[in-house]
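First comes the structure, then the notes that go with it.
In what follows, chains are A, B, ... by sequence order, proteins preceding strands, each numbered from 1. Note that the coordinates shown come from a computational prediction; the quantities given were computed from them, not determined experimentally.
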There are 2 protein chains.
Amino acid sequence: MAGESTKGEQTRQLIVDTAVRLFGEQGYDKTTMRAIAAAAGVSVGNAYYYFPSKGHLVQAFYTTVQDAHADACRQALQAPGTFVDRLRAAMLTGVDVMVPYHDFAGSFFKTAAEPGSPLSPFSADSAPARERSVRMFRSVVDGATTKIDPELRAELPELLWLAQMGVTLYWVHDTSPGQAKTRLLVERAVPLIDRLAGMSRFRVFKPVMREILSLYRLLR
Amino acid sequence: MAGESTKGEQTRQLIVDTAVRLFGEQGYDKTTMRAIAAAAGVSVGNAYYYFPSKGHLVQAFYTTVQDAHADACRQALQAPGTFVDRLRAAMLTGVDVMVPYHDFAGSFFKTAAEPGSPLSPFSADSAPARERSVRMFRSVVDGATTKIDPELRAELPELLWLAQMGVTLYWVHDTSPGQAKTRLLVERAVPLIDRLAGMSRFRVFKPVMREILSLYRLLR
DNA sequence: CGCCCTTCTTGAACGTGTTCAACTACGACC
DNA sequence: GGTCGTAGTTGAACACGTTCAAGAAGGGCG
């Protein structure tokens, strides 16, 4: 897991660590490339030798947060349980883990939201992180004792990841203290999702769900 | 409606017109403030005397597009019809109107998506444009002959506006030729929305819908 | 050692959005 | 007519992200 120890790899790591620290301390916009380079004791150009842009330095930040989320979830998801409980655990720990970075995320969001950006959660560059997150939601679904339509169950992990992107979108714009409203959103949306998933087996609802799934597959 | 004709108002208009033209010709990023100022025959500082930032020059662009959309819809919404037909008309004309500006929207999107930005569709500054759009969706709903639960019907215009924001989000990221996938999304999502709206009167579904509406009201 | 090639590093320079102290134009009031 | 104050205007200057030609370090090979 630990990287090679060549000169370059060391410098690269030094720059990432410094950047992540400064991002956390001062936010994205206020942390200039010059400041990162100076704090790391290298030149500006050197930072650009390892990272094609300032935004790419944030991938490391992503990974850090995602690791924390994975750790926080592992314990909660160890034992099987109802779908509601598992989903709530996954999503709430997600919010918890992000809380310290709310300001940072706000200033960085515009970069990640840009259509062509490699930092967009939908981009090819983000595929590993995305797949990892989907895997986590798959384990949420797999360990769930609740009865769910098989076709929906297969697609659910990806849909839940999408839902989490939506929650994150709301969270970024949420200015309530401690992002309380986002928590409220999760608390109340999760049971709703559960109810809808349960209804997916009813006769009247099944064709609608099928249509939604087929549309989703077509457009993603 | 036409503005005053003071010196300042003239200059302001000149700058806006030039900016809108250049944005359309070259996109957002490639149109520099220096270029706008030069093409308008004023100094850079003068542009900043009237507009606090480059992004603010885009509000005029918004208004232009929205006017075009309103015009395109008026005719289609004149006569009453089914909910599906009216909603499809409203949303498809929305896409049509935006098509010429897809590249522009892509490069500008990051600015509008920023949480604190006055150009965010959720911001206070965008309230007039937002309310106008919601009004349009209200006329879509009001003229609809389809039976819809009254509580949902009251809230539906705002929800449809939100849906259109979602469509726009998809559209911005849609790289298919002519944004064909976005059209597909509208074509197939509209009947789905109609079906769900119709189901809202069923006994099993009503409490779920109530919960969704109450959650939405709480969090907006 | 001397040579060469790759890897790594530098800092000045470019073009950008934005700011600001200074300047001009012009209308109102004495 | 003269004077003053506001509205309008200027362009140099700033800080930023990014680029690039140039050089330094290091190591394999004769």
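Side-chain to base pairing of B:Arg34 with C:dG15: no donor and acceptor N or O lie closer than 3.5 Å to each other.
Relative to the side chain of A:Val44, the nucleotides D:dT18, C:dT18, C:dC8 differ in distance, and D:dT18 lies closest. Relative to the side chain of A:Tyr49, the nucleotides C:dT19, C:dT7, C:dT10 differ in distance, and C:dT7 lies closest. Considering only side-chain atoms of B:Tyr50, the nucleotide from D:dT9, D:dT18, C:dC8 that sits closest is D:dT9. Of the candidate nucleotides C:dT9, D:dG8, C:dT16, D:dG8 has the atom nearest to the side chain of B:Lys7. Comparing D:dT10, D:dG17, D:dG8 by their nearest atom to the side chain of A:Lys54 picks out D:dG17. Relative to the side chain of A:Ser43, the nucleotides D:dG17, C:dT9, C:dT18 differ in distance, and C:dT9 lies closest. Looking at the side chain of B:Asn46, the nearest of the listed nucleotides D:dT10, C:dG17, D:dC16 is D:dT10.
In this structure, A:Tyr28 places its OH atom 8 Å from P of D:dG17, rounding to the nearest Å. Computed from coordinates, the B:Asp29 CG to C:dG15 C1' distance equals 13 Å when rounded to whole Å. Here D:dC16 presents its C1' atom at 14 Å from CD of A:Gln26, a figure rounded to the nearest Å. The CD-P distance, from A:Glu9 to C:dT7, rounds to 14 Å in whole Å. Atom CZ of A:Phe108 is separated from atom C1' of D:dG17 by 14 Å (rounded to the nearest Å). In this structure, A:Met33 places its CE atom 7 Å from P of D:dT18, rounding to the nearest Å. Put simply, CD on B:Gln10 is 15 Å from C1' on D:dT9, counting in whole angstrom units. Put simply, CD1 on A:Ile36 is 12 Å from C1' on D:dC16, counting in whole angstrom units.
A salt bridge is defined here as a Lys NZ or Arg NE, NH1 or NH2 lying under 4.0 Å from an Asp or Glu carboxylate O, and A:Asp67 with A:Arg132 meets this definition. With respect to the salt-bridge test (charged N to carboxylate O, under 4.0 angstrom), the residues B:Lys110 and B:Asp29 qualify. A salt bridge links A:Glu155 with A:Arg220: the closest approach of a Lys/Arg side-chain nitrogen to an acidic carboxylate oxygen falls below 4.0 angstrom.
For the OP1/OP2 pair of C:dT9 and a distance below 4.0 Å, the side-chain nitrogens and oxygens of A:Thr11 include at least one atom meeting the criterion.
Within 4.0 Å of A:Gly45, counting heavy atoms only, lies at least one base atom of the nucleic acid. Within 4.0 Å of B:Thr31, counting heavy atoms only, lie sugar-phosphate atoms of the nucleic acid but no base atom.
Checked by atom type and distance alone, the side chain of A:Arg138 never pairs as donor or acceptor with a backbone atom of A:Leu156 at under 3.5 Å. Side-chain atoms of A:Thr18 never come within 3.5 Å of backbone atoms of A:Ile36 as a donor-acceptor pair (strictly under, hydrogens ignored).
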